[in-house]
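Structure first, then comments.
In what follows, every heavy atom counts, from backbone to side chain, and hydrogens, waters and symmetry copies are set aside.
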Amino acid sequence: MLTIDLAESPQDRAAVFAIRGAVFVAEQGVPIAEEWDSRDLAADHLLARAGGVPVGTGRLVTEGERGVLGRLAVLPEARGTGAGAALVRAVEDRARKLGLGAVELHAQTRALDFYERLGYTARGEEFLDAGIVHRDMYKLLS
């Protein structure tokens, strides 16, 4: 069973950063100095657990009337289970609860189809972030 909650305790926050380190730093080669940033302090971090074990995370940063979904990471053993889509929906639900009207994100181009299936629209040109090709995506919340 998958559960998703705000990561509020020190243990939950440690799990968030462990997952991000495993996925972005170890697996994808993102420099650690680029993975953790000052936005982490004020962001809402969500933590997905399967059977009580942390398997994924995502963060929501508020910028005016919109939210920025970022740092979506799912451990390899939980990929293909719906955990990533559930995390995106949980971030959107949190954004709605905060009164935000839209969510945007910077998607790795290999994940464009994933986000498009969840209602996001790509816009603008491709760009490099941490040495990985990305595109901006946007979704209005109802």
Side-chain angles (χ1 to χ4, degrees), residues 1-63 66-142:
M1 180 173 141
L2 187 73
T3 60
I4 300 175
D5 299 295
L6 279 175
E8 297 179 301
S9 73
Q11 296 85 358
D12 287 352
R13 297 283 266 208
V16 162
F17 290 104
I19 291 166
R20 286 173 42 183
V23 172
F24 296 121
V25 178
E27 183 181 331
Q28 296 183 357
V30 173
I32 198 164
E34 293 182 43
E35 170 49 28
W36 291 288
D37 62 28
S38 61
R39 299 177 100 188
D40 282 321
L41 298 174
D44 284 338
H45 298 271
L46 288 99
L47 181 62
R49 291 183 181 88
V53 177
V55 297
T57 187
R59 85 175 180 188
L60 175 65
V61 173
T62 300
E63 289 185 352
R66 66 187 166 89
V68 179
L69 186 161
R71 306 307 201 264
L72 186 75
V74 176
L75 294 175
E77 60 269 21
R79 292 179 192 153
T81 67
L87 275 162
V88 171
R89 287 191 296 273
V91 167
E92 292 170 356
D93 289 345
R94 180 70 180 158
R96 283 185 195 92
K97 183 176 180 182
L98 295 172
L100 305 175
V103 172
E104 72 175 38
L105 57 92
H106 299 158
Q108 294 181 10
T109 54
R110 66 178 170 215
L112 289 175
D113 289 343
F114 167 78
Y115 288 110
E116 285 172 348
R117 286 192 303 274
L118 295 171
Y120 287 81
T121 302
R123 59 186 183 176
E125 300 296 318
E126 293 181 349
F127 62 93
L128 283 178
D129 186 3
I132 301 169
V133 181
H134 287 70
R135 269 190 85 191
D136 282 331
M137 299 192 85
Y138 191 81
K139 180 180 181 178
L140 292 175
L141 300 175
S142 54

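- The two residues A107 and M137 have their closest heavy-atom pair at CB-SD, 3.7 Å.
- By the 4.5 Å heavy-atom criterion applied to side chains, D40 and V16 are not counted as neighbours.
- Rounded to the nearest 0.5 angstrom, T3 OG1 and M1 CE are separated by 6.0 Å.
- We find that D37 and R71 are joined by a salt bridge, their nearest charged nitrogen and carboxylate oxygen being less than 4.0 Å apart.
- Under the side chain to side chain donor-acceptor pair (under 3.5 Å) criterion, D136 pairs with H106, sequence neighbours left out.
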Full working for side-chain contact (heavy atoms from CB on, under 4.5 Å) between L6 and L46: CA-CA 5 Å; L6 279 175; L46 288 99; 4.3 Å; yes
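- Distance NE2/H134 to CG/L112: 10.0 Å, rounded to 0.5 Å.
- Taking each heavy atom of V103 and A95 in turn, the nearest pair found is CG2-CB, 3.9 Å.
- Residues V91 and L105 are not in side-chain contact: their nearest non-hydrogen atoms beyond the backbone lie 4.5 Å or more apart.
- For the atom pair CD1 of I132 and CD of E126, the computed distance is 13.0 Å after rounding to the nearest 0.5 Å.
- A distance of 7.5 Å separates CG of L100 from CG of L141, quoted to the nearest 0.5 Å.
- Across all non-hydrogen atoms, the minimal contact from L118 to R89 is CD2-NH1, 4.0 Å.
- Nearest approach of A73 to F24, heavy atoms of both residues: CB-CE1, 3.7 Å.
- Within the 4.5 Å cutoff, the side chain of F17 has heavy atoms near those of the H45 side chain.
- No side-chain heavy atom of L69 sits under 4.5 Å from any side-chain heavy atom of L87.
- You'll find the side chain of V23 stays beyond 4.5 Å of the side chain of E35, heavy atoms only.
- Put simply, the side chain of W36 reaches to within 4.5 Å of the side chain of R20, judged on heavy atoms.
- The salt bridge (charged side-chain N to carboxylate O under 4.0 Å, His left out) test with E104 is passed by exactly one of R66, K139, R135: R66.
- Expressed to the nearest 0.5 Å, how far CZ of R59 lies from CZ of R94 amounts to 15.0 Å.
- One distance of note links OG1 of T57 with CG of L72; it measures 8.0 Å at 0.5 Å rounding.
- A heavy-atom distance below 4.5 Å is not found between the side chains of I4 and L47.
- Across all their heavy atoms, E27 and P76 have their closest contact at OE1-CG, 3.9 Å.
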Working for side-chain contact (heavy atoms from CB on, under 4.5 Å), residues V133 and L128: CA-CA 5 Å; V133 181; L128 283 178; 3.8 Å; yes
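- Contact of the T62 side chain with the L98 side chain is registered, since non-hydrogen atoms from C-beta on lie closer than 4.5 Å.
- Smallest separation of non-hydrogen atoms from A83 and L2: CA-CD2, 3.8 Å.
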